[in-house]
Each structure stands twice: as C-alpha cells, then as structure tokens.
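Written out below as structure tokens is the structure these notes cover.
As the structure is a prediction and not an experimental result, all values here were calculated from the model.
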Amino acid sequence: MSMDSALLFLAGIAGLCLAISLVLICVYLIRFCCCISQEEDDSKSHRACCVTWSCVAAVIICCAGIGIGFYGNSETNDGVYQVTYSLMNANHTLTSIDLLISDTVELLNSVVKSDLTQLEEVFSKRPEYLVIFRNTRRQVESVAQYLAEISFWKGVDLNPNVVAEQVNFIEDYRWLAYILLLLLDLIICLFTLLGLAKQIKWLVIVMTVVSFFVLLLSWGSMGLEMATAVGLSDFCYDPDGYVMNQTQIVTNISPDILQYYISCYQDVPNPFRQRLTMSQRALSNIHSQLYGLEKEAVPQYPTAEKHLLVVQSMLNTTEGNFHHLVALLNCRGLHKDYVDALKGLCYDGMEGILFLLLFSFLSALSFTAAICSLPRAWKQFQSRDLDYDDMDEDDPFNPQESKRFVQWQSSI
C-alpha cells in the first residue's frame, strides 16, 4: 500500500466513525419519537435527572477537550514557526555564501583586468619581475575559479525564504480556523448549559441543531489530523533520507554536499576542503610574492607603488572574505538550522497534532451524546409545562399560582 493510499484510508476511518455516530443518533431519535414509555412519576423524574446530568457531563467533557485543543493548537503553531524561522536562517546563510563568493570573485577579476595588467606593462622590460607578476595573475585567477566552483547554491530554483513564507501563510489560516472552531465549541457548551439551567426550550433546540453541524466538523478535522499525524510520523522516522532525496531532485546539488550538511559528522569529509586549501595556498604565495616585489621593485619603479598597494588591499580584503567564507561553509550553522526545523516539526508539531486529534475525538463524542440527550431534555421541559397547565388555577399548591401570590404580596 502506498503512502497516499494509507493516508486516504486513515482519513476514511473518521468518515466511518461519522457514519456510525449518525446511525446511532438516528436510531436513538427514532426510538425517542416513536416509542412511548409508560412510566410512573418517580421514574420520570429520575429519568429527567439522568438526562440533565448526561447533558452536563457531555458538556464538561467537551470543555476539557476544548482546553486540550487550545494547547494543541498553540504547540502546533510553535512547531511550525520554528520550522519557518530555521528556513529563514538557512536562507540567510546560503545567500551570504553566494553574495560573499560573487563579491570576492568580482574583486579578483577587476584587479586582474586593471592593476595587474598595468603592473605587467610597467615591468615589461624586466623579465624577472614580469614572470613574477604573470605568476601572480595566474594564481589570482585560480583563486577566483576555486571560489566560483564552491558556490553550490547559485542558480538553484529552491528558495527557503519563499517556502517559509508559504508555510507561514498556510499556518496562519490553519491556526485561525482552529481558534474559531474551539470558540464555536465553547459557545455551544456555554449556551447549552444556560438553556438547561434556565430551561429555555428554544435555546436548547438551537444548540442541538448547531451541535449536529459541529459534529460533522469534528469528525472531519479528526480525519485530517489522523492522516497528518501518520504522515508526519513516517517522515520523522527517517527524515535525513527523505530530505536528501527531495532536495537533490529539486536542486541537483551534489550528494556529498547534502550529506555533509545533513549529517555533519567528523567522519563525513568536507567537500570544499580541497578547493579551500588550494585557495589558501595561492593567497599565501601571492602575499609573499607581493612582499618581495614591494621591497625590490618599488624603489626602481616608483610608479608601480600605487598599483601594488591596490593589489595588496585586494589581497587583504580577499583573505578576510576567505576566512568569513570558511566559517559560513562549515556544516554546523546549516546543520543546526536543519535540526531545529526537525525538532519543531517532529516534537512540537507532532505533539500539537496529537492533542488536536484528542480534542476532535472528545468533541465528536460529546456532541454525539449531547444530540441524543438534548431532545429528551426539552421534552421534559414541555411535559413540566403541560403538567402546570393541567392544574387548577385556584389550586394553592399550583407552583404558578404560588408565584403569582408571592408577586401580589410583594407589591402590597
């Protein structure tokens, strides 16, 4: 069975539970409407008390589920925002690497085309110096080529910042939808309790109808949460392999680079080590050659001092950028963002979804019990009103007559 089929099957379980609950509700209401029970007054009062307390118990369980739902919604929101924050940090690191490499390569190429070319023209009559400058030029071009080859994220279609914005957009609407659902459940519970306490028949009827629609939402959300929880648990069981395969398909980045950042173990070789080492050696050779030329050639050719200072400044800037680049290319930064994203998704996110699943289940059970109990409750209200109407208005033991007598006495 494929993953999509398994998720659809789990979502279908919620539909099956909805069908079962609807059948139970229909059977109970048919029995309630069609079967007339001949009961004594004591049994009627006892049954009315049981019906009322069963409604109250269902409302209390629903309120407990609402509290669980608020906690689960908050945990899911925290986990998703941790994922988006990690994606934005990773995007900042990757963008900084590309920008630093492009600026450094551009600086090296500009120096090769301008100042080093001018120095070759100045020392064109001195072969011993000309050989040194040409060697320096070749090494500068080599450093630019090595750095350009290191830029692994340049031209990649995947933008973590765009992904983070899309996830944030979806999460905002998901969070708002659950907040509205939780508030709707809470309002139904409060008005149901009010209708039972004040014996307001029309309010109980309205809450029964609304409870039926919320029952459909509860089972539907439960199916969605169950499928999400199973899919997320399957991903969290082996996230490295899935992330590596999908990223390689989308970006065409070398598996060695992906493995380096995903694992970040000492046993995993650094795929940039060779190019970084060769660049470092080339920069050291350039620095030593320029130092020797500055001591020997500048006194003989004062016009070359300006160009040598520009090349020396370029070398210092390049070395600073190089050390910064080595720090950015280290796997610890991106690996930390990757681990933080997994923690947010597989710990906070999974915990929140499980609590939301529990909320939906308790809510569905509570509203099923309430829909079965509330019609009998408003029938008890009606029967009590009919009992009052059958009494003699002049009967002093009539509760309504007693109420009118108390109002008349208070007015006097």
Side-chain angles (χ1 to χ4, degrees), residues 11 14-33 47-77 173-226 352-385:
L16 178 61
C17 294
L18 172 61
I20 293 174
S21 64
L22 292 179
V23 170
L24 292 177
I25 291 173
C26 291
V27 170
Y28 184 85
L29 293 180
I30 291 173
R31 180 179 178 276
F32 168 72
C33 295
R47 183 176 293 273
C49 181
C50 291
V51 169
T52 302
W53 280 109
S54 63
C55 293
V56 172
V59 170
I60 292 175
I61 294 174
C62 184
C63 291
I66 291 172
I68 294 173
F70 273 109
Y71 176 78
N73 194 37
S74 177
E75 285 295 305
T76 304
N77 186 259
Y173 280 97
R174 186 211 62 80
W175 178 85
L176 180 61
Y178 269 100
I179 288 294
L180 294 177
L181 179 61
L182 290 165
L183 291 177
L184 179 61
D185 287 3
L186 183 60
I187 290 172
I188 292 174
C189 292
L190 293 178
F191 277 102
T192 300
L193 290 177
L194 178 63
L196 292 174
K198 298 294 184 179
Q199 296 187 359
I200 306 174
K201 181 180 178 182
W202 67 267
L203 183 59
V204 175
I205 294 175
V206 171
M207 290 301 102
T208 304
V209 176
V210 177
S211 298
F212 178 78
F213 291 103
V214 177
L215 175 66
L216 301 179
L217 292 177
S218 298
W219 285 120
S221 63
M222 179 180 170
L224 182 61
E225 291 150 7
M226 186 180 297
I353 290 175
L354 292 178
F355 276 107
L356 288 176
L357 179 62
L358 180 59
F359 150 71
S360 297
F361 181 70
L362 293 177
S363 176
L365 291 182
S366 300
F367 284 118
T368 301
I371 292 172
C372 292
S373 302
L374 288 176
R376 186 173 291 275
W378 82 59
K379 184 179 180 182
Q380 297 297 330
F381 301 162
Q382 183 180 9
S383 63
R384 291 176 184 177
D385 294 338

> Closest approach of L362 and G65, non-hydrogen atoms and distance?
Replying inline: CD1-CA, 4.0 Å
> If you round to the nearest 0.5 Å, how far is CG of L196 from OG1 of T192?
Replying inline: 6.5 Å
>> Counting C-beta onward and ignoring hydrogens, is there a side-chain heavy-atom pair between V204 and I200 closer than 4.5 Å?
In response: no
>> Please find the pair of heavy atoms, one from I371 and one from F212, that lie closest to each other, and give the distance.
In response: CD1-CA, 3.5 Å
>> For the CD1 atom of I66 and the CG atom of L184, what is their distance to the nearest 0.5 Å?
In response: 9.0 Å
>> I need the L203 CG to T208 OG1 distance, nearest 0.5 Å.
In response: 9.0 Å
> Which atom pair, heavy atoms only, marks the closest approach of S218 to S360?
Replying inline: O-CB, 3.6 Å
> Side chains of R174 and N77: donor-acceptor distance under 3.5 Å anywhere?
Replying inline: no
> Roughly how far, to the nearest 0.5 Å, is the OG1 atom of T76 from the OH atom of Y71?
Replying inline: 10.0 Å
> Does the S363 side chain pair with the main chain of F359, one donor and one acceptor, at a distance under 3.5 Å?
Replying inline: no
>> Which heavy atom of C62 sits nearest to which heavy atom of C189, and what is that distance?
In response: SG-SG, 3.3 Å
> What is the distance from atom CG of L190 to atom CE of M207, rounded to the nearest 0.5 Å?
Replying inline: 10.0 Å
> Around atom CZ of F70, are there more than 12 heavy atoms of other residues, nucleotides or ligands at under 6.0 Å?
Replying inline: yes
>> Quick check on Y178: does its OH atom have over 12 non-hydrogen neighbours (other residues, nucleotides or ligands) under 6.0 Å away?
In response: yes
>> Out of the candidates I187, L215, I188, I205, only one should pair with V210 under the side chain to side chain contact (heavy atoms under 4.5 Å, CB included) rule; please name it.
In response: I188
>> Using side-chain heavy atoms (C-beta onward) and a distance below 4.5 Å, is I179 in contact with L183?
In response: yes
> From I68 CD1 over to C63 SG, what is the distance, rounded to the nearest 0.5 angstrom?
Replying inline: 11.5 Å
